[in-house]
Protein chains: 2
Amino acid sequence: MGDFERPGDVLLADCPARTTLDLVADTWSVVVVYALGRGPRRFSDLGTLIGGISKKMLSQTLRKLERNGLIQRRTIPARPPGVEYRLTPLGESLLEPIGMLSRWAETHADDVVEAQDQLVGV
Amino acid sequence: MGDFERPGDVLLADCPARTTLDLVADTWSVVVVYALGRGPRRFSDLGTLIGGISKKMLSQTLRKLERNGLIQRRTIPARPPGVEYRLTPLGESLLEPIGMLSRWAETHADDVVEAQDQLVGV
DNA sequence: CAGTATCCTATCGGATACTG
DNA sequence: CAGTATCCGATAGGATACTG
């Protein structure tokens, strides 16, 4: 190998960096973390806030992120009883990267649509 | 609606922003764009550069990104004949967001592993 | 070299129904 | 409210073989 690669690079298969990228590089993970960036939320509130997500995927995504230390689940002893999810410091550290990615998607969505049309024809 | 949401937000289902996020929020898309950030590359070179990717997924990912205007495919009339992929300006605009995401994965991979171990037990 | 085609398995993801 | 369980079709993704 040369000095071209750094160990732990996302280009390397099976390294922790790649595995970690795998963990967050999917739409639901990005959107859930993005939504929790607004502050702690209940399960049902997240379901409302995030358009198009099913209870199943919301639950799965929350548990995956929890297993990997990005979010924390807490039972609220209030009335009515409920559950609250919040970002951990690790999860918060992800807010800036996915914020940039989300902003890119919002900003360049029209460019993508235009490129698609270009290829289909006038 | 309140002033809480912006139209085109990734939180909204089926809007162009969400669709565009969907397009790039997966591991192979991120890694392929990341790899092409080093400059134009041939198909086989990308396969070597990107660890663990199969020809099938590389091909599929390249075509998807091409269809959506992020990369451009060009046939090289050189010897030996080949094909070269490069980022379009739109693709280049994605380099900073995914660069941040990749750097996050590299930096926080150990935190994730630690969090996993914590939950499994000592 | 640069792919496509096929096969097969695993996961994604929605819908629905049920539980505490 | 906050989920889990089950069913089902669609897609992801690897392996292998084949093509121009």
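Every chain is numbered from 1, with letters handed out A, B, ... down the list of sequences. What's counted below: heavy atoms across the whole structure, side chains too, no hydrogens, waters or symmetry copies.
- Rounded to whole angstrom, the span from the CG atom of B:Leu58 across to the P atom of D:dG13 amounts to 13 Å.
- Per the geometry, CG belonging to A:Asp14 stands 13 Å off C1' belonging to D:dG14, to the nearest Å.
- Annotation: the terminal axes of the helix from C:dC1-D:dG20 to C:dG20-D:dC1 meet at 40°, where each axis is the rotation carrying the C1' atoms of four end pairs onto the next four (5 pairs per end, rounded to 10°).
- Phosphate contact (OP1/OP2 of D:dG3, side-chain N/O of A:Arg63, threshold under 4.0 Å): absent.
- The separation between B:Arg74 atom CZ and C:dC1 atom P is 18 Å, rounded to whole Å.
- For B:Tyr85, a side-chain nitrogen or oxygen approaches OP1 or OP2 of C:dG3 to under 4.0 Å.
- As judged by a 4.0 angstrom heavy-atom cut-off over every strand, A:Gly52 is placed among residues touching the sugar-phosphate backbone only.
- Within the 4.5 Å cutoff, the side chain of A:Asp9 has heavy atoms near those of the B:Tyr34 side chain.
- Among the nucleotides C:dG3, C:dC1, D:dA2, the one closest to any side-chain atom of B:Phe43 is C:dG3.
- Within the structure, a side-chain polar atom (N or O) of B:Ser59 is placed less than 4.0 Å from OP1 or OP2 of C:dT4.
- At the phosphate of D:dC1, OP1 or OP2 sits under 4.0 Å from a side-chain N or O atom of A:Ser44.
- With no hydrogens or angles considered, a side-chain donor-acceptor pair links A:Ser29 and A:Asp26 at under 3.5 Å.
- In this structure, B:Arg38 does not pair ionically with B:Asp45, as no charged nitrogen and carboxylate oxygen lie closer than 4.0 Å.
- For the pair A:Val33 and A:Leu65, the minimum side-chain heavy-atom distance is below 4.5 Å.
- Distances shorter than 4.0 Å separate none of the side-chain N or O atoms of A:Arg42 from OP1 or OP2 on D:dC1.
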Dump the pairs, protein N or O against N or O of nucleotides 5-12 of chain D, anything under 3.5 Å, distances to one decimal.
none

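- When rounded to the nearest whole Å, the span between NZ of A:Lys64 and P of D:dT4 equals 16 Å.
- Here B:Glu84 pairs with B:Arg86 in a salt bridge; the nearest charged N to carboxylate O distance falls below 4.0 Å.
- Side-chain N or O atoms of B:Thr75 include none that pairs as donor or acceptor with a backbone N or O of B:Val83 at under 3.5 Å.
- Linking ILVMFWY side-chain heavy atoms closer than 4.5 Å, directly or via other members, places B:Leu94 and A:Met100 in two distinct hydrophobic clusters.
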